[in-house]
Amino acid sequence: MDKNFYMQQALLQAKLAAEQDEVPIGAVIVNPENGEIIAQAHNLSEHAADATAHAEILAMRQACQKLNQNRLRGMDMYVTLEPCTMCAAAISFMRIDHLYFAATDEKGGAVVNGVKFYDAPTCHHKPIVESGILQEESSLLLKNFFRNKRKSKS
């Protein structure tokens, strides 16, 4: 299983988000047993008028529908930015086995930054976490997106 390949797929989703003027974050859910991408999504909070329409949440909903189940045991998630508290909690509730993310998020992240959700004693399931996969590409995409947003407001 090539982690870079799956993170590239998440980055393609993030680029789709940027093209739609959404914060460029993408996520894919993979069945590691056969390498199949079960679901893929990008942020849609603005277009859906829904603050919970984060890439991770949308991908998990899509995967549950496809698999006709309410948990994603045995599945892996690749996401281009460290999940926020809401998404980290949802990943735990879904029982995702492995969480791979590209860039850390010092301000809004909740895995290795912020509340460190998986270290809380009330966390019922902690995925195996690996970060830094294609970190530079993801960080650059986000920085350019927000730089362009600031320029357009000037």
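- Checked by atom type and distance alone, the side chain of E82 pairs as donor or acceptor with a backbone atom of D105 at under 3.5 Å.
- Between the S139 side chain and the A103 main chain, no donor and acceptor come within less than 3.5 Å of each other.
- Side-chain atoms of N43 and S45 include no donor-acceptor pair closer than 3.5 Å.
- Side-chain contact between V112 and F101 is present, with at least one heavy-atom pair separated by less than 4.5 Å.
- With sequence neighbours left out, K126 forms a salt bridge (Lys or Arg N to Asp or Glu O under 4.0 Å) with D119.
- Atom CG of D50 and atom CG of L44 lie 9.5 Å apart (nearest 0.5 Å).
- Note on M7: it does not cluster hydrophobically with M75, by side-chain heavy-atom contacts below 4.5 Å among ILVMFWY residues.
- Contact annotation: the side chain of V79 approaches that of I25 to within less than 4.5 Å [non-hydrogen atoms, C-beta and beyond].
- Nearest heavy atoms, H98 versus D76: ND1-OD1, 3.1 Å.
- With respect to K143 and E136, no salt bridge is recorded, no charged nitrogen being found less than 4.0 Å from a carboxylate O.
- Considering every non-hydrogen atom in both A59 and A39, the closest pair reads O-CB, 3.3 Å.
- Looking at S138, its side chain never comes within 3.5 Å of a backbone N or O of A102 through a donor-acceptor pair.
- Taken from CZ in F93 to CG in L72, the straight-line distance is 14.0 Å, to the nearest 0.5 Å.
- Note: Q65 CD to I38 CD1 = 13.5 Å, rounded to the nearest 0.5 Å.
- Listed for the S92 side chain is no donor-acceptor partner under 3.5 Å among the backbone atoms of C123.
- Using a 4.5 Å heavy-atom cutoff, the side chains of I91 and M94 are not in contact.
- Within the 4.5 Å cutoff, side-chain heavy atoms of E130 are placed close to those of K3.
- Shortest non-hydrogen contact noted between E56 and C87 is OE1-SG, 3.5 Å.
- Atoms CD and CD1, from Q8 and I133 in turn, are 11.5 Å apart once rounded to the nearest 0.5 Å.
- Using a 4.5 Å cut-off on side-chain heavy atoms (C-beta onward), M86 and I57 make contact.
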F145/D21 under side-chain contact (heavy atoms from CB on, under 4.5 Å): CA gap, chis, key distance, verdict: CA-CA 8 Å; F145 176 81; D21 202 31; 3.9 Å; yes
Evaluate F117 against V111 for side-chain contact (heavy atoms from CB on, under 4.5 Å), listing each step before the verdict. CA-CA 6 Å; F117 185 84; V111 177; over 6 Å; no
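- Side-chain atoms of H54 and C84, non-hydrogen and from C-beta on, do get closer than 4.5 Å to each other.
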Stepwise side-chain contact (heavy atoms from CB on, under 4.5 Å) test for N144 and L140: CA-CA 6 Å; N144 287 339; L140 188 60; 3.7 Å; yes
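- Residues M77 and M60 meet the side-chain proximity criterion, which asks for heavy atoms closer than 4.5 Å.
- Rounded to the nearest 0.5 Å, atoms NE2 (H42) and CG (L58) are 8.5 Å apart.
- In terms of hydrophobic clustering, with Ile, Leu, Val, Met, Phe, Trp and Tyr side chains grouped at heavy-atom distances under 4.5 Å, Y100 and V30 are assigned to a common cluster.
- Between H47 and E22, the side chains place a donor N or O and an acceptor N or O closer than 3.5 Å (distance only, hydrogens not considered).
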Hey, mind stepping through L142 and L81 against side-chain contact (heavy atoms from CB on, under 4.5 Å) and telling me if it holds? CA-CA 9 Å; L142 285 156; L81 185 66; 3.8 Å; yes
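- Side-chain N or O atoms of Q62 include one that pairs as donor or acceptor with a backbone N or O of Q40 at under 3.5 Å.
- Using cut-offs of 30° and 60° on the angle between ring planes, the pair Y6 and Y78 is tilted.
- Following chains of ILVMFWY side-chain contacts shorter than 4.5 Å, one can reach V115 starting from I96, so the two form part of one hydrophobic cluster.
- Minimum interatomic distance between P32 and G74 (heavy atoms only, all atoms of both residues): CD-O, 3.0 Å.
- Under the 4.5 Å side-chain criterion, counting only non-hydrogen atoms from C-beta, L99 is in contact with P83.
- Considering every non-hydrogen atom in both Q9 and I37, the closest pair reads CG-CD1, 3.8 Å.
- Linking ILVMFWY residues whenever their side-chain heavy atoms come closer than 4.5 Å, directly or via other members, leaves L134 and I29 in distinct clusters.
- Atoms CD and CZ, from Q69 and R95 in turn, are 13.0 Å apart once rounded to the nearest 0.5 Å.
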